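All figures in this text were calculated on a predicted structure; none of them were measured in a lab. All values below were derived from every heavy atom in this structure, side-chain atoms included, with hydrogens, water molecules and symmetry-related copies excluded. Reminder, nothing fancy here: chain letters follow the sequence lines and each chain counts from 1.
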Amino acid sequence: MSEPLLAVEDLHAYYGPAHVLQGVSFEIGDEPIAIVGRNGMGKTTLCAAIMGIRPPRATGSIRVRGSELLGRASYRIARLGVGYVPQGRRLFPSLSVDEHLRMVEGRRNGARRWTPARVYELFPRLAQRKRNGGAQLSGGEQQMLAIGRALLTNPDLLIMDEPSEGLAPAVIEGLIATFRTLEEEGLRILLIEQNLAVATSLAERQLIMIAGEIAAETTAAELAANPELQRRYLGVEPVEHT
Amino acid sequence: MLPGERRAILGPNGAGKTTLFNVIAGDLAPSAGRVELFGEDVTTLPSRARARLGLARTYQQSRLLLGLTVENSIYLSILGVRKGHLRPVVLPRRDEELRERARAAAGRVAISHKLDEVVGSLSHGEHRQVALAMALASEPKILMLDEPASGLSRGERTLLTDLLLALDREITLILIEHDMDVALRVAERVTMMHEGRVIVEGTPSEIRADKLVHELYLGTAFGDE
Amino acid sequence: MNPLRWAPKQRLERCIALGALVLVAVWPALGLNAYWSHQIFLQTFLFGIAAASLIFLSAYGGMVSLAQTALFGIAGVIIGNLATKGGAGGTSKGLHLGWDPTVAVVVAVVMTTAIGLIFGLVAARSAGIYFLMITLTFSVIATYTLGQVTKISGFSGIGGISSYTPGWLGDVLAHPDRLYYLALGVAVAVYVLIRYIVRTPFGLSLQGVRDEPVRMSSLGYNVALHRTLAFGFAAFVASLGGILYVWWSGQIAPGNVDLPGTINLLVMAVIGGLVRIEGAWLGAFVFIVIQNYVRDFAVPGLSFGGTLFGGSFNTIVGIIFLVIVLASPAGLMGAWDRAVAELSRRRGPPRTADEPAPGPGS
Amino acid sequence: MLVAVVGLTVTASVSFAGAKAGVVKVAIMTDCKGAFSFGYDYDSGGAQAAFAQYAHGKVKNKNKPSAGMTGITAGGKQIKIVGYGCGNDTVPLAVTETKRLMEKLNADVMVGPLSGDEAVYVANYAKAHPNKTFIIGTAGSQDPTLQIAPKNVFRYHGDGAMWNAGAGEIAYKKLKWRKAAIIMDDYSFGWTSAAGFIADFCAIGGEITKRVFPPLNTTDYAPFVRQLPPPNQVDGYFWVVGGSGTAPSLKAFEQAYGKLDPKKLYGNLFFAFLGADKVVAPKVAGAYVGGFGTAPGLKTKAANAYRAIMKKYYPKLPPDDGFVYNYYNAAWALVQALNKDGGAIGSKLQAAMPRSIKPAFQVSNGGVLHLDSNRQGIQDQYPLQLVKGANGAVAANVVGFVPDVDQSFHGLFKRSSPPPGRTQPKCVKAKLPWQGKIKVVKNGVITKQTIK
């Protein structure tokens with residue numbers, strides 16, 4: 001009896017008349033996955049569908065360890081052990097850094113791997129800005145806080161939508177190292193990422209999303225090494241798909 | 001900064017880069033000091049007046065006009081620095097010159113196929129493209145871009161780099177960017193900020209070589225690129 | 001304006017709109033039920049104009065104004081004071097200036113617009129709930145000013161105004177169809193004007209201000225000025241509705257602009273939907289039909305207080321309002337937009353996110 | 001939506017086409033909201049009792065007049081009550097209600113409205129609809145029959161000024177007032193009501209030293225009461241504060257100037273409504289009160305007969321209340337006219353409307369009330385006094401009889417004169433027809449004795 005951690009099957013999603021996801025299927029078992037692709041291909045919609053946030057109308061199936069997520073409210077999805085770092089951070093402007101973290105702390109059952117102290121250890125910059133409000137942080141600091149906030153829910157699965165956006169190279173480096181450690185601790189990551197360096201160093205399995213479908217699966221090594229592949233799937237020329 | 005200069009501003013998160021932009025653009029009043037544009041003291045001018053002097057900027061969180069179409073957003077960006085943008089009579093769509101300029105700007109950032117779409121329905125990466133198109137369309141003398149490459153795919157970043165390199169030499173460019181591929185290729189001079197101060201200034205190669213920059217900002221990854 | 005280039009939804013909407021327009025245009029000529037033309041439709045036209053000024057500010061300027069009823073009433077009070085005469089057979093209250101009614105109309109429109117600009121100047125710097133409160137304050141000030149400055153109105157207001165209409169309009173009491181067509185014409189003109197304005201540079205920049213004021217400022221726009229001008233324009237529109245109203249009802253009193261009056265207009269706009277101008281007339285129509293017909297049904301069990309037909313009238317209106325708003329926060333126009341989107345999704349072939357919309361007219 | 005519009009229209013047209021030609025459609029315009037919401041049952045009950053007594057109407061529910069009535073016939077025609085107007089004593093609602101009754105429900109005749117401002121609107125409306133007939137219910141404004149005065153508007157009771165006829169003389173003679181101040185609600189009924197006192201008091205030689213105007217529905221009366229001259233500078237105060245303001249305004253006066261002295265207070269009809277107030281009413285017991293055209297407790301044959309009729313059809317309604325009585329007379333006059341003209345409506349009905357009727361509380365001229373040339377009744381008036389009853393409750397009793405009060409106050413109010421307002425009328429000495437002819441009423445009996 002081993003259900004995969006996350007199983008997405010034939011997922012279709014619509015915003016109004018726009019058919020954004022067209023039959024997406026994949027599983028996350030023991031390995032992290034990165035989903036790459038050009039802009040406007042439906043990657044963020046996929047996250048929204050999984051998390052049940054501002055839900056597009058969706059059909060198909062999304063299961064976490066066998067429990068169906070479609071149709072569930074997002075707070076219940078979060079309680080199933082799914083953490084989320086949304087694109088654009090979505091912080092609470094009136095709460096300070098510390099309040100953000102303490103609010104989330106201990107909200108969830110299960111192992112308490114994460115504490116605010118550990119988040120501060122991961123992002124020392126945040127420790128310096130403990131008392132500052134969400135709105136007073138710089139872009140990169142906001143990103144750190146959004147990640148820290150998601151980690152504090154002690155998720156088994158962490159969905160991150162462009163976590164490296166706006167972060168300085170050195171911080172990204174630290175982040176990659178942290179996530180590798182977390183991987184070893186058992187956290188599984190579904191990563192949406194434009195920064196190929198981040199995507200390839202965090203996940204070996206690379207799904208390429210084009211026009212609402214998983215067009216191809218490849219490995220980090222292959223993607224990193226093959227400029228033709230990059231040009232075809234991530235370049236700016238329109239992609240012919242038949 | 002000199003006219004026509006291309007400058008990148010680097011620095012760890014929270015170094016004050018965006019705040020510097022806000023002060024220059026007039027969105028934030030400085031507690032002390034002065035801002036001069038084209039030899040004129042603009043410290044007390046509102047941001048709209050600075051825009052009319054030829055200063056255009058983009059925002060980190062794109063801050064777009066989500067309810068308008070891409071085309072209308074670009075129109076607004078052109079009209080804003082023109083005289084008579086209150087004209088109640090003439091429709092922008094009927095103004096050939098305006099249309100041409102908007103289309104050209106959209107073409108330069110490869111967003112032409114979305115001109116009639118409402119900005120709010122576009123993806124995050126497309127928002128960056130729209131923001132850039134708007135900034136370019138106003139034909140600024142000073143262009144300030146706040147992390148223009150973030151959210152762009154690798155291919156789009158290449159396009160962006162080429163676009164910035166091909167900019168009219170008259171345009172002064174200030175860039176905040178974490179993608180060193182983009183920043184160091186485009187910029188002629190680089191300013192490194194830390195904790196609200198400028199700590200190093202130099203050419204891209206000087207910056208690459210600078211120890212302090214590595215220690216504070218780049219980490220190890222870019223050491224031998 | 002080539003019909004072949006319209007999207008299917010546009011074509012459908014324009015067919016319906018044209019049908020409705022033809023219907024209301026020929027209604028009195030065909031001698032159909034005069035109560036519907038002179039009460040339901042006429043009120044729909046003129047309250048729709050006022051609601052359109054509210055929706056214009058909300059949909060394009062992001063400002064929900066509670067002052068539109070006050071401006072509507074101010075225009076009426078100005079007309080009442082300027083145009084009426086005192087003495088035998090005249091009205092009993094107001095300044096009795098006895099001006100030429102056409103001049104009075106022009107002055108009323110100009111003055112109301114000016115008052116709107118002043119309101120706008122004060123309110124333009126605030127947003128959201130603060131804007132709502134400031135405009136509510138305007139509305140309350142207007143109510144009390146009319147109620148307590150007995151020289152210009154007083155609690156009883158000014159009556160008999162419909163006897164002082166311009167010569168080109170004639171006696172609206174003897175020929176109510178003239179007022180009907182005038183109101184219809186003004187409503188159509190207001191609709192076309194707003195649709196035009198929002199596509200001009202001014203209209204576009206107003207929408208920009210709605211979405212991102214900071215950004216608009218850094219694009220070179222004077223945000224407060226645009227808001228103020230929008231408020232002035234909305235006051236202009238509201239004044240047209242107010243003038244038609246006093247000719248229709250013959251009177252204007254603080255009771256027209258008090259809190260219930262203010263809320264009624266807001267309810268009309270919300271029923272129609274604060275997103276599209278068309279919603280103004282749709283909402284006004286639905287509201288006025290409800291007001292006229294729902295009250296004839298007594299619903300047992302809903303008689304909370306009051307004596308009117310078991311007192312269920314306000315309760316029923318309230319429930320209808322709640323149902324509409326809960327089912328579609330964007331009102332009836334929003335419900336329509338969603339229904340059409342849903343239908344076209346079910347019927348049409350699935351299309352991808354980045355494919356262009358189906359070719360028009362093909 | 002289009003389908004709905006057409007559908008509604010067709011149904012609406014069909015229902016109108018179905019109306020029989022032989023029916024006279026009557027609307028009863030009253031208030032069901034606002035300060036006078038009780039008028040809804042009083043007014044419809046008064047009118048319907050007349051229909052029941054004189055036009056064969058069958059009461060549906062003795063305790064709820066608004067339940068309606070069947071089988072009314074007059075002049076050989078069926079009379080149908082097509083609707084009840086629901087006003088709130090403000091004009092805007094009167095507009096929609098009047099149009100609904102007269103145009104949607106196609107009433108030929110309106111009995112109503114209730115309040116003065118509503119009546120001003122209705123009179124203006126009547127001007128534009130000469131084929132419809134309007135019999136004012138119980139509204140106290142002058143304008144409908146003085147300034148506007150359309151040919152199709154009739155009023156068989158007095159206006160707000162007439163109701164206070166005699167008050168000035170009583171204050172002057174019985175209370176020895178020479179100088180008085182007035183506090184009046186700042187709207188047309190307040191002004192009109194005060195106008196009656198001013199005209200009467202000044203006519204006999206009194207002087208008004210101050211007029212104070214609190215806005216309608218004020219919550220804090222202290223600032224307005226402070227504008228009144230203190231008790232040592234005037235002989236008394238005429239008090240015209242109504243609605244929910246009567247008791248609070250008196251309390252504010254008490255706080256400002258000390259104990260309330262009934263000899264220094266004279267209220268208009270609003271004082272009569274004070275009875276329910278357990279705190280203030282006992283403190284002003286003994287004060288004189290203006291009338292309402294009715295004579296509560298008057299013992300005459302006609303009055304008793306009328307009370308019996310009311311009791312028969314609507315036992316719970318107070319027959320001596322003006323709301324009931326005035327609507328009763330209006331409907332009764334309508335029945336007389338329809339009987340006379342064979343059920344015709346429009347101008348024939350207007351021509352047939354009686355120019356004189358014999359209402360229950362009319363005593364002069366052998367009990368006949370005449371209309372003047374503006375179709376406005378010339379009516380006896382009855383000044384009242386607040387008295388403490390055996391059970392301690394305060395009630396208003398009839399204490400005077402003012403014969404044949406006319407709307408013009410013998411020429412003081414003219415069609416061309418400004419209507420009552422903050423400064424109207426001026427205080428002038430005059431010889432009013434009823435001056436010196438006010439009789440004392442004792443225990444409901446009009447005595448020969450004149451008030452001295």
Exercise. Give a yes or no on whether the backbone of Tyr121(D) and the side-chain of Asn124(D) come within a donor-acceptor separation of less than 3.5 Å.
Key: no

Quiz item: Who pairs with Phe287(C) by ring pair (Phe, Tyr, Trp, His ring centres under 6.0 Å), at least two apart in sequence or on another chain?
Solution: none

Quiz item: Would a line drawn from the ring center of Phe47(C) to the ring center of Tyr245(C) be shorter than 6.0 Å?
Solution: yes

Quiz item: Lys80(D): what forms a side chain to side chain contact (heavy atoms under 4.5 Å, CB included) with it, not counting sequence neighbours?
Solution: Val23(D), Val82(D)

Quiz prompt | When Pro260(C), Gly255(C), Gly261(C) are compared by non-hydrogen pairs under 4.5 Å with chain D, the top option | solution = Gly255(C)

Quiz item: Quick one: does NZ or CZ of Lys104(D) land under 6.0 Å from the six-membered ring centre of Tyr293(C), within 45 degrees of the ring axis?
Solution: yes

Practice problem: Using a heavy-atom cutoff of under 4.5 Å, enumerate the residues of residues 139-154 of chain C that contact chain D, numbered in order, or state 'none'. | Solution: Gln148(C), Thr150(C)

Quiz item: Got a sec, which residues hit side chain to side chain donor-acceptor pair (under 3.5 Å) with Thr133(D), two or more places apart in sequence or on another chain?
Solution: Gln350(D)

Exercise. Decide if the gap between the ring center of Phe41(C) and the ring center of Tyr35(C) is smaller than 6.0 angstrom.
Key: no

Quiz item: Out of Ser249(C), Pro254(C), Pro176(C), Ala174(C), which one racks up the most heavy-atom pairs below 4.5 Å with chain D?
Solution: Ser249(C)

Self-check item: Expected output: side-chain Tyr164(C) to main-chain Ile79(C) donor-acceptor under 3.5 Å
Solution: no

Quiz item: Given a strict heavy-atom distance threshold of 4.5 Å, which part of Thr96(D) is in contact with chain C: side chain, backbone, both, or neither?
Solution: side chain

Quiz item: In terms of heavy-atom pairs under 4.5 Å, which option from Phe38(D), Phe189(D), Trp191(D) contacts chain C the most?
Solution: Trp191(D)

